[in-house]
Amino acid sequence: MPAVRRAVRLRGPGGRPRVARGRRACPRRAGRRRRHRDRRARADDPQGVPHHQLLPARSHAARAALRLRTQRRRAVTPLSTSCDVVPPQRNRFAPRRTAFVRYVTMTDDSQRPPDIPEQMRVRREKRDRLLANGVEPYPVEVPRTHTLAEVRAAHPDLPTDTATGDIVGVTGRVMFLRNTGKLCFATLREGDTELQAMISLNGVGDEALAAWKSDVDLGDHVYVHGEVITSKRGELSVMADSWQITSKAMRPLPVMHKELAEETRIRQRYIDLIVRPKANEVVRTRAGVMRALRDSFHQRGYIEVETPMLQTLHGGAAARPFVTESNAFDMQLFLRIAPELYLKRCVVGGLEKVFEINRNFRNEGSDSSHSPEFAMLEFYEAYATYDSMAALTRELVQEAAKTVFGSHVVTLSDGSDYDLSGEWTTLTMYGSLSEALGEEVTPETPAEALHGYAKQRELDVDPKLTHGKLVEELWEHLVGDHLYAPTFVRDFPIETSPLTRQHRSDPNVAEKWDLYVRGFELATGYSELVDPVVERERLTEQARLGAEGDVEAMQLDEDFLRALEYGMPPSGGVGMGIDRLLMALTGLGIRETILFPLVRPE
RNA sequence: GCGCCGAUAGCUCAAUUGGCAGAGCAGCUGGCUCUUAACCAGCGGGUUCGGGGUUCGAGUCCCUGUCGGCGCACCA
């Protein structure tokens, strides 16, 4: 019984076996009707049609289908293809197999054009037809004289139905097509500018008009040469005297007036960028923020450096690293979790104001505010403290907002305003926690008392937590989660801040702040620990935790300690998530601020 | 890692109790010299995510795998 159904299902949809055997003419409808008839026959009278009468035809089709599927699968299976291509004696530094496989499958794909969706087939045929007629669908260059933006800028207020006499050559992607009998309209897009092109019988003649209608699809890139005019409806346009395809698209564009599914937006950002102007705008906003940050630093005499992303030891933060290996050095390497230890070496070396903007990698879960690969700004300044660094951090954010949006009050994606202007609220961790709790909490408060408060509030905390982690846990639930306006939280338990110096007036807290914006942590700043003896004790303790299996503990970086032993000036340091800064300024999720976030392969 | 939800045409989505898989846009054919998501007429297009099962019959029910979303946990 299973065999019958399987055979029926394999034969019909897609029609691949028929195509593969060269019988293209067989209409799909017939296949469908026959399938339904078969189903009905069996439905009405299960015994009426003996299996042996149905099976031969079906099983033949089924075998063909299976054969084809097997072949196709084999064509993309790494093992079977790679053995044809990969040299038998590959050296250990050669690229891995996948590179070869991709090459093979691409070649393979081009060899079987029928096995693609209808709309792609149609476009492929148009391309082939162009080539056959001696028309290059992908010309090397075209004589573009103006960008669409330049045309728009030159004629900002042209009255309706006006001819300018300006002859231009413009290019763009065809976003909309409106073809009437002897006059065709197309909306071209180039970057973030759109302009209308008009192709008329009078302008280009019979042949070129017909070619436009038969050859141009939505999504194609075209070149249009002609006069700048306005249409009878007032639309600024180029009235073509000639036109040319500059790049023929093989895939249809998604519909312009429906939102793309989120997954498609992220996996195929290039489509998102084509279809959704907002996606384009986010990229420009991000670029603007980056430039504003760099400008702010340069105005203050900071030097931009780039420190290693491949590190032999991981450190500078508490996080699990990605591990990789160097063939040449025959050793394990880590993708960095933070640039901190190298930037401090810079300060030791006399680069007294340094910043770096680059990627960090943390081998942890991802959600709406965490990404395994994220951009980080860190900056260090000799003779600065966590106070002056807080002020600088606020200025950086405000200057970025001002540069990109022209105001310290930004409009978020949900339409609400977010005020970043003026001074920002400052709390102390213990003070704000005490207030929220209604009980005095100090660095001396025993862990048992804190566990008692947690229980009172029905917070489920790990009973093994010590004072420092408990305070942070309680604070987060009772205070942090309710912060919306930009807020600095200062003076953390010393236990959880191994690279921070103790507070000048209270040795039990660290000179550290976190900056919270719209409820998430945007940045963190410190008066840096520069005492090499204390630093060695702290890092030795981290190494001990690591040896005991704490996967986040830092390794003992002997060279970093050696650098400190040469003397690092008292310094302030700050780390800020760039993706999160974009989130703060726009209200978007982290996956929208990152152009190509990590996703599982399809 | 656990729980819940989802995957249907190129895209965005429907499909009643398990009973002939549809719509809009996109595509193809024809028409239209001022359209703006053009319009009018007609026609194609489906491995309902993969595998297995129940049933006369599965997009729909059951098991399983893959991918995704949300929540929790872990994690700053």
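Chain A is the first sequence line, chain B the second, and so forth, proteins listed ahead of strands; every chain is numbered from 1.
Taking the six-membered ring where the residue is Trp, A:His467 and A:Tyr430 present parallel rings, their angle staying beneath 30° rather than reaching 60°.
Distance A:Arg251 CZ to B:C11 P: 9 Å, rounded to the nearest Å. Atom-to-atom, NE2 of A:His477 to C1' of B:C72 comes out at 11 Å; the value is rounded to the nearest Å. For the pair A:Arg600 CZ and B:G65 C1', the computed distance is 13 Å after rounding to whole Å. Atom NZ in A:Lys126 sits about 9 Å away from atom C1' in B:C28, given to the nearest Å. A straight line from CG of A:Asn179 to P of B:G30 spans 13 Å, rounded to a whole angstrom. The CE atom of A:Met198 sits 13 Å away from the P atom of B:U36 (whole-angstrom rounding). With rounding to whole Å, A:Met175 atom CE is found 13 Å from B:C11 atom C1'. Taking atom CG of residue A:Leu253 and atom C1' of nucleotide B:U12, one finds them 14 Å apart after rounding to whole Å.
Between B:G18 and B:U36, the distance separating the two P atoms is 46 Å to the nearest Å. Between B:G42 and B:A23, the two P atoms lie 13 Å apart (nearest whole Å). Distance check on atom P: B:G44 versus B:C28 gives 16 Å, rounded to whole Å. Nucleotides B:U48 and B:A58 place their C1' atoms 11 Å apart, quoted to the nearest Å. On the P atoms, B:G3 is 13 Å away from B:C63, given to the nearest whole Å. Between B:U16 and B:C70, the distance separating the two P atoms is 28 Å to the nearest Å. As rounded to the nearest Å, B:C75 and B:A7 have C1' atoms that lie 29 Å from one another. Using atom P as the reference point in both B:G59 and B:G22, the two lie 13 Å apart (nearest Å).
Across all strands shown, A:Arg265 has no heavy atoms under 4.0 Å from either base or sugar-phosphate atoms. Residue-level contact check: A:Gln196 touches the bases, meaning some heavy atom is under 4.0 Å from a base atom. Residue A:Leu201 is in base contact, counting any heavy-atom pair closer than 4.0 Å across all strands shown. Counting non-hydrogen atoms under 4.0 angstrom, A:Leu177 reaches the backbone sugars and phosphates but no base. No engagement by A:Asp161 is indicated, since no non-hydrogen atom pair under 4.0 Å with the nucleic acid exists.
Taking the side chain of A:Arg591 as heavy atoms from C-beta on, and the options B:C34, B:G27, B:C70, the nearest nucleotide is B:C70. Comparing atom distances between the A:His257 side chain and each of B:A26, B:U36, B:C25 picks out B:C25 as nearest. Distances from the side chain of A:His370 to the nucleotides B:C67, B:G10, B:C75 place B:C75 closest. Comparing B:G44, B:C70, B:A26 by their closest approach to the side chain of A:Glu118 singles out B:G44. With B:C11, B:C34, B:C32 as the choices, the nucleotide that has an atom nearest any side-chain atom of A:Lys182 turns out to be B:C32. For A:Thr180, the listed nucleotide lying nearest its side chain is B:A38; candidates were B:C11, B:G27, B:A38. Closest to the side chain of A:Asn202, out of B:G24, B:U33, B:G27, is B:U33. Among B:C28, B:C67, B:A37, the nucleotide with an atom closest to any side-chain atom of A:Phe176 is B:A37. The side chain of A:Glu263 has B:C67 as its nearest neighbour among B:U12, B:C67, B:C32. Distance from the side chain of A:Val122 is smallest to B:C28 among B:G24, B:C28, B:C75.
Of the residues near RNA chain B, A:Ala261 and A:Met239, the one whose nearest nucleotide (by heavy atom distance) lies more toward the 5' end is A:Ala261. Nucleotides of RNA chain B nearest to A:Ile266 and A:Pro252 differ in position, and the one nearer the 5' end is that of A:Pro252.
A 3.5 Å limit on both hydrogen-bonding distances identifies no Watson-Crick or G-U partner for B:C20. In this structure, B:C72 and B:G1 make a Watson-Crick or G-U wobble pair, each of the two defining distances being under 3.5 angstrom. In this entry B:G6 has B:C67 as its Watson-Crick or G-U wobble partner, both defining distances falling under 3.5 Å. With both pairing distances under 3.5 Å, B:G27 is matched to B:C43 as a Watson-Crick or G-U wobble pair.
In this structure, A:Lys512 forms no cation-pi arrangement with A:Tyr526, as its terminal cationic atom is not both closer than 6.0 Å to the ring centre and no more than 45° off the ring axis. A cation-pi geometry, defined here as NZ or CZ lying under 6.0 Å from the six-membered ring centre and within 45° of its normal, does not hold between A:Arg362 and A:Phe374.
A distance-only check finds a donor-acceptor pair linking the side chain of A:Thr164 to the backbone of A:Asp166 [under 3.5 Å]. Between the side chain of A:Asp220 and the backbone N or O of A:Ala249, at least one donor-acceptor pair lies under 3.5 Å.
Under the salt bridge (Lys or Arg N to Asp or Glu O under 4.0 Å) test applied with A:Asp215, the options A:Arg129, A:Arg123, A:Arg127 reduce to a single match, A:Arg129.
In this model, a side-chain donor or acceptor of A:Glu235 finds a partner on the base of B:U36 within 3.5 Å.
The number of heavy-atom neighbours closer than 6.0 Å to CG of A:Asp414, taken from other residues, nucleotides and ligands shown, is above 12.
A:Trp212 and A:Phe185 have their aromatic ring centers separated by at least 6.0 angstrom.
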